[in-house]
Amino acid sequence: MGRPFEVTGVDLMGPLYLKNGQKIWITLFTCAVYRAVHLELVEGLDATNFIMALERFIHWRGRPVKIYSDNGTKFKRTNRLFTNLNWDKIAKYSCDKQLRWIFIPPSAPWWGGWWERLVRLVKDLLRRTLGTNRVNYVQLETLICHVEAIINTRPLTYISETEDDLIPITPQMFIQNNFGSFDESEVVLIGRDDQKIIFWPLGRILELYPGKAGRERVARVRTAFNRQIVEVYGEKCMDIKKVRKWCREFKEGRINVHDEQRSGRPSLPESTVARIDEMVRANRRITLEEIEDGLNEDCSHFSVHKIVSETLGYRKVSARWVDKWLKEAAGEWYNTGITKLVDRMKKVIEHQGDYVEK
């Protein structure tokens, strides 16, 4: 499992105004995997201030492998400075490798939506806290630490109202967790390559299996999916609400999933279908809304359209309802007539006007 902030997105927001009128900006670093954030204050938009903020971030959270950003001048200059360093010489005296800086396409801010969304969260929290008030540097620094803690404790998974369900996972859990080992009964997030992180299932570790080096490499995990439900319906066909409903019913004593009551609107009686047919035959220009008003039953617009078009086989032609076979026959007659006319014109052209149809 990768450590937090191994792949990082960075952006700046502001400016904010202190009590003395000084401008200040906030640098936001966010983890691309665990969605954690780290905030740093800078006194300017130049590369020097940003490099110092980046250095503080690295000392706090560790050195990232990849950094994503927009094409701001400060980011371009920082990347140019890192590129010009002699990394072969640095590698002889340390374990540090060159940072891989990835810029999103110019004039395409939606490519950085995964950090722009967090920028908005930070702005909303600051607006609600400060309003129109101004604070000094130390107070603002304390405030952004508080904002950072709030965002890092937001739930990444579904919050259940049932006390027995697993607690939701937050970014702070990944920041505080020791990724070198796991404990039994610990709640984990099971990653899947074919799903977004919001749909990753939660699980509780039941048993750990250490490898040759003595470190835990494999774990047996219990998830909210019941084995019987998965075997009957398949793993990908149910959402989390369906799973929680089944788990609740099994806890209450249910032992079979085959007697599930099918949901959906019941089929309409034959008398209603016959009534709709009479209304259409009486008035070929009748609309679906008028049919709904003429029925004394609870019948949706979709149900009326399905009965008229599929069950009764009517088609709308020039604002009139006609039988399906009549419309298809008319189309065949039209296509046949066009074909005959084209053949006749070809014969006239070939005979230079002397051709007469017998």
Side-chain angles (χ1 to χ4, degrees), residues 2-18 20-126 135-138 140-145 147-148 151-152 171 175:
R3 59 179 176 81
F5 295 102
E6 192 170 355
V7 180
T8 300
V10 61
D11 197 11
L12 271 80
M13 68 187 80
L16 299 176
Y17 292 90
L18 301 180
N20 57 6
Q22 179 186 0
K23 289 184 180 181
I24 208 78
W25 286 264
I26 300 176
T27 308
L28 180 139
F29 300 90
T30 177
C31 177
V33 179
Y34 305 116
R35 311 304 293 126
V37 299
H38 179 87
L39 304 176
E40 290 287 344
L41 294 179
V42 292
E43 297 180 347
L45 295 177
D46 56 297
T48 303
N49 280 284
F50 172 71
I51 290 175
M52 290 190 293
L54 178 61
E55 186 174 1
R56 293 193 298 269
F57 161 74
I58 292 175
H59 292 325
W60 274 104
R61 305 299 184 185
R63 195 169 183 273
V65 177
K66 295 180 183 178
I67 295 181
Y68 289 82
S69 71
D70 56 26
N71 294 267
T73 306
K74 52 194 170 298
F75 302 138
K76 289 282 189 178
R77 290 180 179 177
T78 303
N79 182 50
R80 193 179 305 117
L81 290 172
F82 288 159
T83 305
N84 294 334
L85 295 176
N86 189 348
W87 287 98
D88 293 334
K89 186 176 181 180
I90 294 175
K92 294 181 180 179
Y93 300 97
S94 67
C95 298
D96 294 337
K97 297 182 180 180
Q98 184 176 0
L99 286 173
R100 184 183 175 188
W101 207 297
I102 301 175
F103 296 97
I104 64 175
S107 303
W110 56 88
W111 282 62
W114 53 286
W115 63 71
E116 294 290 353
R117 181 67 183 91
L118 296 174
V119 168
R120 180 181 175 181
L121 286 178
V122 174
K123 289 182 177 180
D124 289 343
L125 291 173
L126 289 175
V135 294
N136 57 37
Y137 187 92
V138 177
L140 182 60
E141 190 174 27
T142 305
L143 179 58
I144 66 167
C145 290
V147 171
E148 176 185 312
I151 296 178
N152 286 337
I175 295 175

Show the nearest heavy-atom pair for residues [X] and [Y], with the distance to one decimal.
| X | Y | answer |
| --- | --- | --- |
| Phe29 | Leu54 | CE2-CD1, 3.8 Å |
| Met13 | Val122 | SD-CG1, 3.7 Å |
| Trp25 | Glu43 | CZ3-O, 3.6 Å |
| Ile102 | Lys66 | CD1-CD, 4.2 Å |
| Pro64 | Leu99 | O-CD2, 2.8 Å |
| Val42 | Asn49 | CG1-O, 3.6 Å |

Min side-chain heavy-atom separation [X]-[Y] under 4.5 Å:
| X | Y | value |
| --- | --- | --- |
| Lys92 | Asp88 | no |
| Lys97 | Val65 | no |
| Val10 | Phe57 | no |
| Leu12 | Lys74 | yes |
| Ile151 | Leu125 | yes |

From [X] [atom1] over to [Y] [atom2], what is the distance, rounded to the nearest 0.5 angstrom?
| X | Y | atom1 | atom2 | value |
| --- | --- | --- | --- | --- |
| Trp115 | Arg35 | CH2 | CZ | 10.5 Å |
| Leu28 | Leu118 | CG | CG | 6.0 Å |
| Arg100 | Tyr68 | CZ | OH | 6.5 Å |
| Glu141 | Leu39 | CD | CG | 11.0 Å |
| His38 | Ile144 | NE2 | CD1 | 8.0 Å |
| Cys145 | Glu40 | SG | CD | 8.0 Å |

Quick one: do Ile90 and Leu85 satisfy side-chain contact (heavy atoms from CB on, under 4.5 Å)? Show the steps, please. CA-CA 8 Å; Ile90 294 175; Leu85 295 176; 4.2 Å; yes
Between Asp11 and Asp70, is the side-chain contact (heavy atoms from CB on, under 4.5 Å) condition met? List the steps. CA-CA 8 Å; Asp11 197 11; Asp70 56 26; 3.6 Å; yes
Is the number of heavy atoms from other residues, nucleotides or ligands within 6.0 Å of CH2 (Trp60) greater than 12? no
Checking Glu148 against Arg61 for the salt bridge (Lys or Arg N to Asp or Glu O under 4.0 Å) test, could you report, in this order, the C-alpha distance in whole Å, the side-chain angles of both residues, the deciding distance, and whether it holds? CA-CA 13 Å; Glu148 176 185 312; Arg61 305 299 184 185; 2.6 Å; yes
Does [Y] offer a backbone N or O that forms a donor-acceptor pair with the side chain of [X] under 3.5 Å?
| X | Y | value |
| --- | --- | --- |
| Asn71 | Ile104 | yes |
| Arg56 | Leu41 | yes |
| Trp101 | Lys76 | no |
| Asn79 | Phe75 | no |

Ignoring hydrogens and geometry beyond distance, is a side-chain donor-acceptor pair present between Trp114 and Thr30 at under 3.5 Å? no
Would Leu16 and Leu126 count as a side-chain contact (heavy atoms from CB on, under 4.5 Å) if you check the C-alpha gap in whole Å, the side-chain angles of each, and the deciding distance to 0.1 Å? CA-CA 10 Å; Leu16 299 176; Leu126 289 175; 4.2 Å; yes
Audit row: Tyr17, Lys23, side-chain contact (heavy atoms from CB on, under 4.5 Å) steps and yes/no: CA-CA 5 Å; Tyr17 292 90; Lys23 289 184 180 181; 3.4 Å; yes
